[in-house]
Amino acid sequence: MTTTSSTPAPGTLPASRRRWSPRRRQRAFRLAQYALLVIVLVAVALAIDWENVGTNFFNAQAASDIAALIPAAFLKTLEYTFAGFAVGLSLGTVLALMRLSSVGLYRWLAIVYIEFFRGIPALLVVISFGYAVPIAFGVNIPSVTVKAALALGLVSAAYIAETLRAGLQAVPKGQVEAARSLGMSHGRTLRQVVVPQAFRIVLPPMTNEFILLTKDTSLVFLLGLATSQYDLTKIGRDALNSAQGGLTPLFVIGACYLLITLPLGQLARYLEKRTGARSRT
Amino acid sequence: MTATSPTGTPVVRIAGLRKAFGEREVLTGIDLDVHAGEVVCVIGPSGSGKSTLLRCVNLLEEPTGGAVEVLGVDVTDPDVDIDQVRTHVGMVFQQFNLFAHKTVLENCTMAQRGVLKRSAAEADRIARANLERVGLADRADAHPAQLSGGQQQRVAIARALSMDPQLMLFDEPTSALDPELVGDVLGVMRDLADGGMTMIVVTHEMAFARDVGDRVVFMDGGVIVEDGPADQVIGAPREARTRTFLQRVLDPTHTDVA
């Protein structure tokens, strides 16, 4: 900001009217953010009553009480998740292909399905499988796992279908044209060119679907479970009733869910990197 | 580069071809015969229907009317096995369209194995021979993303040639390339033409059209305006529209005072 700013010398820029350069302002702003973060953390740490937190949330006695139940419940949660995902992925694939079909009726049916199951809470679907389906159809599916798989699978299929459709559509049209121009049939093009490339695109959102499904297994108790069929959330809720350790059981099972979902995210990132490194820059 | 005498059945016979996208008419009555060994270059302003014409030959676009006969088969007949016809017609795209998830070699063997049912060893041998032909034998294991545009386009040509086509379609094969890479691709195409391949080339490379093309077809507004020997159409165009177009292309900084 000098007095010569009105008429700069030829071939030079007029002096900037800003006091700080954009880069300098950005640096200052970031420093302020870090400072704020530290202040918030310190404030929270000081505000917490650590002694009470210890007895209520991280109570060793309560944790060891529930520990014996965890391995079986952990496996059950995994079982419900994988069974549900198997149904969701199969049905979701069919729905995605219907959604992209040239047959209007298929497209319409897929849209109706997706909108319906995406729009109602998973809770309602699970309850329906526990009570409404047996009444309406006069059949009671004996296996809880099958019931859980159907209920959770029907819901996740709606989401998975949309994810797959987006992935299939994201593969450039030129890839299909190139394959077809070589004489490859529609089906072969889909299998050898489109699906392998769509796989990489849908990997991150599919991981999301899987994780959401893992957490939705906490609704399975609504089907009415025998003790041996309890999932993680169910044993956590039951343990809460034996009041001793406060909310400790919930913290323990929360950690168990993370034990499932964190490695999954890791695996997805690994796969994405591995398939992505070769095919696209 | 000999002007082939039009004898025998044409490789491509197009009669009264029309194509509309909804209300918009892109081709309004095209007649064109291409004979074996002929190199036909299609030139014209953008939006004149050149690419659409080419894409009607292997039915990537479905004609609205008229007949397109390829190797004696009317491809507009709904009972025709179009996949079978396409194995004899190679196509090279402006954007290369190599399969991004496959290596260069796999790009050249996939359809040979899957469609022509060739053995792995045979497909491999043919693919490598064609990669050799386009000067990329040493990049067989690379992925498309690791290649320059010019290299990718030459792989695309090798991929098409690996099917042993009787006709090659080129849709602006050098338009997406950096100027210094155009020459390599045109060189490969010239070799192909010299080898007697029947080719239809949609292009903006006037020098190529003139030197390599046997015939040049000038299109404008969905019709063929002029069709004749390459030297004549580019060197001494009969039609005023051809002249105006060539003037704009060959001397782009020239401005007409209207």
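Reckoned from all heavy atoms, side chains included, excluding hydrogens, waters and symmetry mates.
Ranking A:A179, A:S185, A:P196, A:G174 against chain B, the residue ahead of the rest is A:G174, based on heavy-atom pairs under 4.5 Å.
Shown here is A:Y34, whose OH atom has no more than 12 heavy atoms of other residues, nucleotides or ligands within 6.0 Å. Within 6.0 Å of CZ on A:F74 lie more than 12 heavy atoms contributed by other residues, nucleotides or ligands. Other residues, nucleotides and ligands place more than 12 heavy atoms under 6.0 Å from the CD atom of B:E122.
In this structure, NZ on B:K102 lies 9.5 Å from CD on A:Q197, to the nearest 0.5 angstrom. Remark: A:R200 CZ to B:H101 NE2 distance equals 12.5 Å, nearest 0.5 Å. Expressed to the nearest 0.5 Å, how far CE of A:M184 lies from OG1 of B:T87 amounts to 13.0 Å.
Annotation: side chain of A:S181 is in contact with side chain of B:F93 (closest heavy-atom distance under 4.5 Å). Residues B:R86 and A:L182 form no side-chain contact, since every pair of their non-hydrogen atoms from C-beta on lies 4.5 Å or further apart.
A salt bridge links B:D83 with A:R180: the closest approach of a Lys/Arg side-chain nitrogen to an acidic carboxylate oxygen falls below 4.0 angstrom.
Using a 4.5 Å cut-off between heavy atoms, B:L98 touches chain A through its backbone atoms (N, CA, C, O) alone. Interface remark: B:R159 contributes backbone and side-chain atoms alike to the contact with chain A (heavy atom separation under 4.5 Å).
Between B:A100 and A:Q175, the shortest heavy-atom contact is N-OE1, 3.6 Å. Residues A:R188 and B:V115 share a closest heavy-atom pair of CD-CG2, 4.3 Å.
Not a single donor-acceptor pair under 3.5 Å links the side chain of A:Q192 to the backbone N or O of B:M110.
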